[in-house]
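This report refers to the structure that appears directly beneath it.
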Amino acid sequence: MISRKNSKYESRRQMLYDLSKKAELQEVTQTVLDDMEDLQYLYKSYSQKYFDRKTVEILGDDPILKGQKLMFMILNRDNSDSKERIRKSLLNLHCSNSIFPEIIHFIKVDNQSIQIKYCSELERELFKYDQEKQDRTEAYNKMEESSDQTIILIHLLCLKHSISNQQDFLQYFNTSKDYQKIKDLHARCQELDFDYLEKNTQSIVHIIAEFYQLFSTYCQMIKPRQEKCTKLIFRVLLQLLLYQNIVIPELLRFMKIIRNSSLQNVQQYCGIIILKPTITLLTQMSQIPQISNQVELLKIEQINFNSNLPNYEQFYLQVLTHFPFILQINAHQVLVNYLEKLTQNYNKHIEVLEEIYQNTEFSQLMEQIDKICGAQIKSIINSDENSEDEFEEQGTNVLQIGTMLFRLREKVFQNNHSAKLKQINDLIEKFKKFLQHEIEHERSFPQLLKYINCNKNDLWIDISDNYDQELLEDPRFSDFLQKCDNNEIQVDFEKGENENEILENQIKLIYHQREQSLDQLKQLNGNLRCDQLMKDLQKSELQHKEYLVKLLVCIQYQIYL
C-alpha cells in the first residue's frame, strides 16, 4: 500500500484510488491494462518514492486523465527498478518458505547463461505470492547479492523437494503449457556447453532435465486418449477391483478378438484380444461394495449408463485428480493384470472356470487363438522360459493373452482334480475365519508361515501338496473347527477384510509376539516352504512385507530379539 508519510497528498491519492473502482475509469484504462485488477495492483504496489514531485503535479484537476498519464510513467520507468523489486520478491518468497512454480515460465537461456526473464508479467505473478511485504531477515541480507542462477536454483530446489510422488508432480504441473515450457527449456539447455557452466547453472540444467523426464513419462497420461467413455470407465473399475484383490472370473465371457482397429493399429491377419463390457456389466461392477468410496469420488454412482454417460474429458479429469496412476495402465496391461490375478486365485473359482472353458463361444475363442499362434504358445509353455521378448515381437497381444489363457486352462483341468480343489477352497475359507478369530483375541499362529505363498503384490493361503492334511491335524485349528460345528464360537467375520489383509495382520501379530513363540518359530528353521517364501519375497513388490521378512530372518538366523 502507498505509505502515509506525506499526509498533504494522501487525500488526492485516496481520491484517485476511489476513482479507480468506478466503471468510467475502467473504460479509459482498458487500453493500458488488461482489467481492473491490474490497475488496482499498480496503484497499490508501488512505493512512495515513485510518487515524486512531478508525479504529484500531474494529479491536477482531472485525476482520471492524469491517472492514465501516471500509469504510462510507471509502466515506462527505469527497468532496473523493476528488476530490483522482482529479485527482492523472489528472495522474500524463499525466506518465507513459499514455492513459486511459475519460475519455469520466466527463465531464459542465452549465451552460455541461464537468467531470469524480468517483465511486468513476472512482477504481477509475484505480487500474488507476496501481497504483504516481508521484513528483511538475516537470511535475506546474506542472499541479497546472489546471482540470477542462485535465485532460480533456490526456487527449483524447493519445488523439487516438494515432489515426492506422482501426485505431487501433477499438483504443481498439470497443463500442456507447463510441459511445453519445460520441454523448450530442456532443449535450450542441451545447446549449452555443460563443462563450462558454473556449478549452480549445471544444477539448474540437471533439475530441468529431471522435470522433463517426469513430464515425458506423464504427458501421454495428461493428454486424454481418444476412446469411448465406457471403455475408460471399465478400465478404471476393473483396476480398482484388482487393487482390492477382487477377481470376477465371468469377465472371460466378454473376451473377443477384433481384426480391425485404427486406434490400436491392429494387424489384419492377427487381430487383438479385448474385453468388451456391456452396460449391465458396468452397472454391476460399479455397485460392488468394496469400491463404493472410489465410485463415489468419480461420481459413477450418479451415472445412468443407458442414457447419460459423462463427457469423456470431464470423466478423464476426475480420474486424473483422484487416481492418476490408473491412467498410466493401458487396456492391454489391465487385461494382463486381470489374468494374472485370476490365475493366482483360480482354485477359488474352479467351478465357474470349468463352465466358462466348456462354453461353446469361449471354446471358439480359444480355437481362434490356437489358429493364429497355437504353435508358439505350445513352445512357450513347454519351454517355461521368459517369453517377454517374444510377446514384444508379436506386435499385438494375442500371443501373450493367449498363452495366459492356455496356462489357466491347464491349471483348471489338470488331472481332473476339481473335486479336490473344492474341498481345499472350503478349508481355506474356514482357515481364514480361524485366523480372524485369533487376531480378534490377539493370539498369534506361527505355523501360518508354512501355509502362505507370495507372488508380485499379494500373499495368499497355499495348502497344496498335502499341506491341507497337516493343517487339519493342527490341534488349535481342529479345536476351532469342532467349536464351530458345535456353535460354541460366535464371531462376526463380515469385516470386509480380504485374504491378503488377514494374512498381513496375523504376520504382524506373530512378529510382535515372537518371544512367546520361540519354540514354534525354531521348529520352522529349514522348512522348505519358509525358505521358498524368503526367495519369493526378494523378488516381490508387496507393500507390507517388512514384518514377514523380519520373521523369516529370525527363523533362518535364530535371532529373536
> Below 6.0 angstrom between ring centroids: does that apply to H186 and F211?
Replying inline: no

> In Å and rounded to the nearest 0.5 Å, what is the OG to CG distance from S444 to L521?
Replying inline: 8.0 Å

>> So does M366 get a backbone contact from the side chain of D370, meaning a donor-acceptor N/O pair under 3.5 Å?
In response: no

> Got a salt bridge between R253 and E250, using NZ or NE/NH1/NH2 to carboxylate O under 4.0 Å?
Replying inline: no

> Are the side chain of S517 and the backbone N or O of R514 linked by a donor-acceptor pair below 3.5 Å?
Replying inline: no

> Is there a donor-acceptor contact under 3.5 Å from the side chain of E499 to the main chain of I461?
Replying inline: yes

>> Evaluate K483 against D479 for salt bridge (Lys or Arg N to Asp or Glu O under 4.0 Å), listing each step before the verdict.
In response: CA-CA 6 Å; K483 288 180 178 179; D479 182 59; 3.4 Å; yes

> Does a side-chain N-to-carboxylate-O contact under 4.0 Å join K433 and E440?
Replying inline: no

>> So, using salt bridge (Lys or Arg N to Asp or Glu O under 4.0 Å) as the criterion, who are the partners of K430 when residues are at least two apart?
In response: D426

> Any donor-acceptor pair under 3.5 Å linking the side chain of N486 with the backbone of E488?
Replying inline: no

>> Set out, in order, the CA-CA distance, both residues' side-chain angles and the distance that settles side-chain hydrogen bond (donor to acceptor under 3.5 Å, both in side chains) for K522 and N525, then state yes or no.
In response: CA-CA 5 Å; K522 287 178 180 178; N525 186 30; over 6 Å; no

> So, the side chain of R188 versus the backbone of V109: is there a donor-acceptor pair under 3.5 Å, distance only?
Replying inline: yes

> Do the side-chain N and O atoms of Q400 and H332 include a donor-acceptor pair separated by under 3.5 angstrom?
Replying inline: yes

> Using the ring of each side chain (for Trp, its six-membered ring), is F434 parallel, tilted or perpendicular to F431, with breaks at 30° and 60°?
Replying inline: parallel

Donor-acceptor pairs under 3.5 Å, side chain of residues 236-248 to any protein atom, not counting sequence neighbours: which ones?
from, atom 1, to, atom 2, distance (Å)
Q239, OE1, N337, ND2, 3.3
N245, OD1, K341, NZ, 2.8

> In terms of side-chain geometry, is the basic nitrogen of K508 or E504 positioned less than 4.0 Å from the acidic oxygen of its partner?
Replying inline: no

> How are the rings of F445 and Y451 set to each other: parallel, tilted or perpendicular (split at 30° and 60°)?
Replying inline: parallel

> Salt bridge between E438 and R476, side-chain N to carboxylate O under 4.0 Å?
Replying inline: yes

